[in-house]
Number of protein chains: 2
Amino acid sequence: MPLYPDQPAPLLDDAITLRQLGSMHIGGRSASLSGLPARDITYSPGGPAVSLDPNGDFEIEQMYVQFAQLLKPRASHPLLMMHGGGMSGVTYETKPCRRPGWQAFFLRAGHDVWLADAVERGRASWARSPEFFRGEAVFRSKQEAWELFRMGPPGSWHAEPSMRQAHDPMRFPVSAFDRFMKQSVPRWTSNDAATQAAYNELARLHGPFVIVAHSQGCHFAFHMALAHPEKVRAIVALEPSGLAQVPDAHLSRLKAIPHLFVWGDHLMGHPLWSQLGPRLQAYRQRLQAQGVQVDEWDLPALGIRGNSHMLMMDDNSDELAAHVHHWLHEQGLCQADDQAPSALSSASL
Amino acid sequence: MPLYPDQPAPLLDDAITLRQLGSMHIGGRSASLSGLPARDITYSPGGPAVSLDPNGDFEIEQMYVQFAQLLKPRASHPLLMMHGGGMSGVTYETKPCRRPGWQAFFLRAGHDVWLADAVERGRASWARSPEFFRGEAVFRSKQEAWELFRMGPPGSWHAEPSMRQAHDPMRFPVSAFDRFMKQSVPRWTSNDAATQAAYNELARLHGPFVIVAHSQGCHFAFHMALAHPEKVRAIVALEPSGLAQVPDAHLSRLKAIPHLFVWGDHLMGHPLWSQLGPRLQAYRQRLQAQGVQVDEWDLPALGIRGNSHMLMMDDNSDELAAHVHHWLHEQGLCQADDQAPSALSSASL
C-alpha cells in the first residue's frame with residue numbers, strides 16, 4: 001500500500017548546494033592517568049624510537065558530529081541522525097549497494113543533516129579501557145549481526161557468502177553483507193551516561209533538531225527529548241531497541257513531539273526482537289496515554305515485506321526515506337518537494 | 001614573504017555545490033576467532049540480557065574514505081587527504097577555532113576532496129587486540145601532543161590551560177588545544193602493512209589522486225606513489241614524519257610526481273623533530289638525485305613564523321591552503337580561481 005501515493009521524492013542526480021560542511025566534537029571531559037609503566041615505541045617506520053609514557057592528561061567521552069548545511073534548506077530544523085549500537089554515522093552516509101545513504105537523500109529533500117558518531121564510536125574516538133571505559137569492548141561478529149539485524153533466521157549464517165540462507169523476502173543487499181560489516185565499530189556497555197550527556201549538550205547548544213534515530217540510538221533520542229523537549233521537534237524511531245525508563249507522568253513532557261515508529265519484517269523470527277516488539281508496543285501505548293502523538297509503520301502489515309533491521313540500506317530505503325520526508329511534511333516541519341515525481345516516488349510502493 | 005603575491009583564494013562564504021556526498025570502506029579482510037568464553041551483556045537499557053559469544057567471523061583492517069564530489073570541479077583529479085598518526089580525517093574537516101577545515105577550503109577552490117580514516121582510526125574501525133591487532137593501543141596524552149605538535153617547548157605543559165607556555169610566535173589556537181585533543185584517536189604500531197595495503201587499493205581502484213598528507217600519513221603517501229605511480233599526480237607532504245624505505249633507484253619511479261614539503265616553526269626545539277628534519281632533508285636530496293621535483297617551503301625561512309605541526313589548523317591555515325592550491329595550479333593540476341581576491345588572499349602574507 002502506498003503510504004503517500006504519488007508523492008515526489010528527490011532525484012538521485014540532484015546537486016546538493018551547501019552553505020557549510022564541517023564537524024565538531026562535543027561533550028566529554030579531561031581525565032588523568034598515573035602509575036602506568038613507560039615503554040619504547042616507533043611512531044613511523046624510519047622514525048626514531050621514543051619512550052612512551054602512557055600516563056598523563058586526556059580528553060575522553062566526547063561525541064563527534066558532522067554537519068552539512070544547505071544554502072537554501074526547505075525544512076524548519078536540521079535532521080540529527082543517530083546511529084544504532086556497534087555502528088557510527090556511516091549508517092546514514094552510504095549503503096552496501098554503494099548508493100548514497102539517507103544523509104544525501106535528506107539533503108536533496110531540503111534538510112540540513114547532522115550525523116553523529118556517539119561516544120566511543122567512529123570519529124568520536126575511545127578511551128583507554130578498563131582505566132577509563134569500564135569493562136571490555138564488544139566486537140559484534142558477522143554471524144551475530146546476520147541474525148540480530150534479521151538478514152536470516154537463527155542458524156542461517158555461513159562464513160561462505162553463497163551458503164548463507166537469507167529471509168525470504170529480503171530487501172537488504174545480502175550479497176554485500178561482508179562489505180556492510182566493515183562499517184561495524186566496537187562498543188562498550190558502560191558509556192550510556194556519557195553518551196546521553198553528550199547528546200543532551202548537542203541538543204542544548206545546537207538544537208532544535210528533528211531526530212532520525214536507529215535501534216539503540218532511539219534510547220538516547222527519547223531521553224534527549226525528555227531532557228530538552230523544546231530542542232526536539234519530532235522523533236523518527238527506526239526499529240527502536242531501547243526506550244525511556246521514566247515514570248509515565250514524565251512522558252507528558254513529550255506532548256509536543258510527534259513520534260514515528262518504523263518496523264521492518266521478520267521480527268517474530270528472532271529471540272531478541274520477539275521480546276523487543278511487545279516492549280516497544282507497551283511504550284508506545286504509555287506515550288499515547290500521556291497525549292503524545294505516536295504513529296507507527298509496521299511495514300509488513302502495510303504490505304511492505306522483506307525489510308531488515310537496516311531499513312536505511314534496504315533496496316527500498318529511498319522510498320522509505322521519501323515516506324519519512326512526507327511524514328515530516330505532514331508535521332509541518334518541511335516544505336513539500338518542488339520537484340517532479342521521480343523513479344524514487346513512493347507511488348511505486 | 002608572499003609565496004604567491006596577489007593570488008585570490010576562495011571566500012569562506014562561497015557555496016559548495018556537490019554532485020555527490022558519501023563514503024566507502026575499502027581494503028581489509030575476513031578473519032575468525034575461536035576458543036574465547038561467552039558472557040552475558042545487555043545492549044540497551046531496558047533491553048533483555050543476551051549471551052555474547054566473542055568468537056566468530058569479523059571484517060578487519062579496512063579503511064574508511066569519505067568523498068565530496070563537486071558538480072563542476074576545476075581540478076583534474078580529486079584531492080586525497082591523508083591524516084597523521086593518532087588522528088583521523090577530522091584533521092582536515094574542522095579546526096579548533098571552529099572554522100571549516102581544508103576539506104571545505106579545497107572544495108571551494110574547485111577540488112573534489114576524499115578524506116581518509118586509515119586502518120584502526122576513526123570510522124575505519126578497529127579490531128580486537130591483541131588477537132587481531134598485535135600489541136596494545138597507544139593513547140597520546142595531551143602533554144605529549146603539546147610537545148610533539150610543537151605547541152610549546154619541552155616542559156611547558158600544564159594541565160591548567162592558562163598555565164601552559166606556548167612557543168612564541170605561535171599560530172595554533174592554543175586556547176582551544178583541549179578541544180583539538182578531542183579529535184585524537186588511539187593507534188597501534190603494528191598495522192602499517194594493512195594501512196598501506198588499503199591505501200594502495202584505494203589508489204588502484206579510485207585514483208589518480210593528488211595527495212595532501214600530514215606527518216605519519218606522508219609515509220603511506222610515498223609508498224602509495226611507489227606502488228602505483230600512475231595513480232598519484234602530486235604529493236603535498238605537510239611536516240612528513242616518515243619516508244619511503246626503498247633503494248635510491250626505486251625512487252626514480254616517482255619522476256612524474258611533483259613533491260612539495262612544507263615545514264612549520266620551532267622544529268629544532270624538539271628532540272624528535274630535530275632528528276626528523278635532517279632525515280627528511282636527506283630523503284629530499286635522494287629524491288632529487290633521481291630526478292624527482294621536490295619543492296620545499298620552510299615557512300620560517302620564508303618569513304612565515306609560528307606555525308605548529310598542525311599547519312592546517314593554525315591561524316594562517318587558509319593562507320597556507322591558498323598557497324598549496326596555487327602550487328597545484330603551477331603543476332597544471334587545477335584551474336586558477338575565477339574569484340575576486342578575498343580576505344584570505346595570500347597577499348596578506
Side-chain angles (χ1 to χ4, degrees), chain A residues 15-25 28 30 41-48 50 52 54 56-59 62 68 71 85 88 90 93-94 100-101 103-104 122-123 125-126 128 138-139 141-144 159 178 181-186 189 192 216 219 241-243 245 272 275-276, chain B residues 15-25 28 30 41-48 50 52 54 56-59 62 68 71 85 88 90 93-94 100-101 103-104 122-123 125-126 128 138-139 141-144 159 178 181-186 189 192 216 219 241-243 245 272 275-276:
Chain A
I16 299 169
T17 301
L18 300 178
R19 168 171 57 87
Q20 199 49 277
L21 181 66
S23 69
M24 68 176 72
H25 282 79
S30 183
I41 63 169
T42 301
Y43 279 121
S44 295
V50 294
L52 173 76
D57 305 317
F58 302 85
E59 290 292 316
Q62 65 278 359
L71 186 64
S88 75
V90 176
E93 194 176 45
T94 186
Q103 176 199 33
R123 287 175 166 176
S125 193
W126 54 283
R128 191 174 172 110
V138 175
F139 299 79
S141 70
K142 289 194 276 187
Q143 40 268 76
E144 188 205 346
D178 287 356
M181 284 303 291
K182 295 179 186 291
Q183 297 182 19
S184 180
V185 297
T189 57
D192 281 351
Q216 181 209 27
H219 164 79
S241 65
L243 46 82
Q245 283 90 35
L272 178 65
Q275 295 177 58
L276 285 171
Chain B
I16 299 169
T17 301
L18 301 177
R19 169 170 57 85
Q20 198 51 275
L21 181 65
S23 70
M24 68 176 71
H25 281 79
S30 183
I41 64 169
T42 302
Y43 279 122
S44 295
V50 295
L52 173 77
D57 305 317
F58 301 86
E59 290 292 316
Q62 66 279 357
L71 185 64
S88 74
V90 176
E93 193 178 43
T94 186
Q103 175 198 34
R123 286 175 167 176
S125 193
W126 53 283
R128 189 173 176 111
V138 175
F139 299 80
S141 70
K142 289 195 278 188
Q143 42 266 75
E144 188 204 346
D178 287 357
M181 284 303 292
K182 293 178 187 290
Q183 296 182 20
S184 180
V185 297
T189 56
D192 282 350
Q216 182 209 26
H219 163 80
S241 65
L243 46 83
Q245 281 90 40
L272 179 65
Q275 294 178 58
L276 285 171

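Order of the sequence lines sets the chain letters (A, B, ...), proteins ahead of strands, with each chain counted from 1.
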Fill in: Partners meeting side chain to side chain contact (heavy atoms under 4.5 Å, CB included) with B:Pro186 (sequence neighbours left out)
A:Ser125, A:Trp126, B:Ala137, B:Phe139

Worksheet, complete the sentence: In terms of heavy-atom pairs under 4.5 Å with chain A, the winner among B:Met181, B:His25, B:Arg123, B:Glu59 is B:Arg123

Worksheet, complete the sentence: Applying a strict 4.5 Å limit to non-hydrogen atoms, the region of A:Leu71 in contact with chain B is side chain

Worksheet item: Which bit of A:Gln183 is near chain B, if near means a heavy-atom gap under 4.5 Å: side chain, backbone, both or neither?
Response: both

Item to complete: Report yes if some heavy atom in the side chain of A:Leu18 is under 4.5 Å from a heavy atom in the side chain of B:Leu18; otherwise report no.
Response: yes

Discussion item. Please find the pair of heavy atoms, one from B:Pro54 and one from B:Arg128, that lie closest to each other, and give the distance.
Written reply: CB-NH1, 3.9 Å

Item to complete: Under 4.5 Å, counting heavy-atom pairs only, tell me which of A:Asp57, A:Ile16, A:Leu21 racks up the most with chain B.
Response: A:Asp57

Practice prompt. Heavy atoms only, distances under 4.5 angstrom: which of A:Met24, A:Lys142, A:Gln275 has the most pairs with chain B? Name it, please.
Written response: A:Lys142

Worksheet, complete the sentence: For A:Leu243 and A:His219 the tightest heavy-atom approach is O-ND1, 3.1 Å

Discussion item. Under the rule for side chain to side chain donor-acceptor pair (under 3.5 Å), what residues qualify as partners of A:Ser23, not counting sequence neighbours?
Written reply: B:Glu93

